[in-house]
Amino acid sequence: QVQLVQSGGGSVQSGGSLRLSCAASGYTLSSHCMGWLRQGPGQKREGVVVLDTDGTTYYADSVKGRFTISQDNAKNTLYLQMNSLKPEDTAMYYCAADCGHYTGRDYLLHPATYAYWGQGTQVTVSS
């Protein structure tokens with residue numbers, strides 16, 4: 001049984017930093033595409049930053065230069081480091097994995113691509 005268990009998140013002031021973690025069980029993250037998506041209040045879920053199977057990283061334009069994705073293969077854990085946070089980054093953040101045969105930026109930043117999801121973790125940025 002595949003499980004993605006998230007931790008981290010919380011509340012921070014504008015300009016602050018947070019790190020999210022996503023620990024996988026029953027699934028080897030490094031063998032598949034994976035990433036982070038978010039859903040703000042009243043908004044559709046959207047891709048934030050994702051890793052393709054060939055190691056290519058795709059970022060949403062809104063987070064380039066501020067967010068970084070990384071992984072620890074020994075721990076089978078995915079991370080999202082978020083710096084210079086803005087109030088518009090306030091959202092529920094989800095890790096996701098397994099994009100099947102899809103590849104490329106347009107597919108991997110789209111939430112419908114992913115088979116497995118974490119439970120979500122709230123990030124709130126105040127001005």
Side-chain angles (χ1 to χ4, degrees):
Q1 182 180 0
V2 177
Q3 282 192 312
L4 302 178
V5 179
Q6 297 179 223
S7 59
S11 297
V12 66
Q13 289 190 327
S14 183
S17 297
L18 286 172
R19 189 175 83 153
L20 307 182
S21 300
C22 174
S25 60
Y27 190 82
T28 303
L29 288 175
S30 60
S31 300
H32 303 85
C33 57
M34 52 189 166
W36 294 93
L37 298 91
R38 68 185 180 187
Q39 187 165 11
Q43 297 180 3
K44 294 181 180 180
R45 195 170 297 188
E46 62 177 3
V48 176
V49 55
V50 297
L51 282 170
D52 207 338
T53 49
D54 65 358
T56 302
T57 304
Y58 300 110
Y59 291 91
D61 291 342
S62 59
V63 306
K64 278 182 182 177
R66 301 188 298 122
F67 289 15
T68 304
I69 191 171
S70 63
Q71 61 187 94
D72 184 330
N73 293 338
K75 295 182 178 180
N76 205 26
T77 298
L78 185 70
Y79 301 97
L80 177 65
Q81 179 65 43
M82 303 182 289
N83 298 327
S84 302
L85 282 160
K86 304 175 181 180
E88 51 263 43
D89 294 319
T90 294
M92 185 72 77
Y93 282 72
Y94 299 89
C95 65
D98 195 348
C99 55
H101 63 281
Y102 292 105
T103 189
R105 188 177 190 276
D106 289 346
Y107 281 114
L108 267 61
L109 286 176
H110 197 290
T113 299
Y114 295 90
Y116 303 115
W117 291 86
Q119 81 276 18
T121 185
Q122 180 68 36
V123 170
T124 302
V125 185
S126 57
S127 56

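Model, not experiment: these values are computed from the prediction.
- When atom types are taken as modelled, the side chain of W36 and the backbone of Y79 share a donor-acceptor pair closer than 3.5 angstrom.
- In terms of hydrophobic clustering, with Ile, Leu, Val, Met, Phe, Trp and Tyr side chains grouped at heavy-atom distances under 4.5 Å, L80 and V50 are assigned to different clusters.
- In this structure, L4 CG and Y116 OH are separated by 9.0 Å, a value rounded to the nearest 0.5 Å.
- Of the residues T57, L109, L108, the one that meets the side chain to side chain contact (heavy atoms under 4.5 Å, CB included) test with V49 is T57.
- In this structure, A97 and L29 approach most closely via the heavy-atom pair CB-CD2, 4.0 Å.
- Heavy atoms from other residues, nucleotides or ligands lying under 6.0 Å from OH of Y107 number 12 at most.
- Residues D61 and K64 are paired through a salt bridge, judged by an N-O separation under 4.0 Å between the basic side chain and the carboxylate.
- Under the 4.5 Å side-chain heavy-atom criterion for grouping Ile, Leu, Val, Met, Phe, Trp and Tyr, L51 is connected to V2 within one hydrophobic cluster.
- Q119 places a side-chain N or O within donor-acceptor distance of the main-chain N or O of Q6, the cut-off being under 3.5 Å.
- Among all heavy-atom pairs drawn from G9 and L18, the shortest one is O-CD2, 4.0 Å.
- Side chains of D89 and R38 form a contact here, defined as non-hydrogen atoms less than 4.5 Å apart.
- Annotation: H32 is in aromatic contact with Y27 [ring centroid separation under 6.0 Å].
- Judged by distance alone, the side chain of S84 and the main-chain N or O of R66 form no donor-acceptor pair under 3.5 Å.
- Taking both residues in full, the closest heavy atoms of P87 and S127 are given as CG-CB, 3.9 Å, listed atom of the first, atom of the second, then distance.
- W117 places a side-chain heavy atom less than 4.5 Å from the side chain of P111.
- Ring geometry for Y93 versus F67: interplanar angle of 30 to 60°, hence tilted.
- The side-chain hydrogen bond (donor to acceptor under 3.5 Å, both in side chains) test with T56 singles out one residue from T53, D54, D52, and that residue is D54.
- In this structure, the separation between OH on Y58 and OG1 on T103 is 5.0 Å, given to the nearest 0.5 Å.
- With values rounded to the nearest 0.5 angstrom, L20 atom CG is found 8.0 Å from S7 atom OG.
- By the 6.0 Å contact criterion, CD on Q43 is enclosed, its count of non-hydrogen atoms from other residues, nucleotides or ligands being greater than 12.
- Residues S17 and Q81 meet the side-chain proximity criterion, which asks for heavy atoms closer than 4.5 Å.
- Side-chain contact between L37 and H110: absent, with no pair of heavy atoms (C-beta onward) separated by less than 4.5 Å.
- For the atom pair OG (S126) and NZ (K86), the distance works out to 15.5 Å, reported to the nearest 0.5 Å.
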| message | Would Q122 and T90 count as a side-chain contact (heavy atoms from CB on, under 4.5 Å) here? Give the steps. | response | CA-CA 8 Å; Q122 180 68 36; T90 294; 4.0 Å; yes
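- Distance check: R19 CZ to M82 CE gives 11.0 Å after rounding to the nearest 0.5 Å.
- Hydrophobic clustering of Ile, Leu, Val, Met, Phe, Trp and Tyr side chains at less than 4.5 Å, counting indirect connections, unites L78 with V123.
- Proximity of a side-chain donor or acceptor of N76 to a complementary backbone N or O of A24 within less than 3.5 Å is detected.
- With values rounded to the nearest 0.5 angstrom, Y114 atom OH is found 5.5 Å from C33 atom SG.
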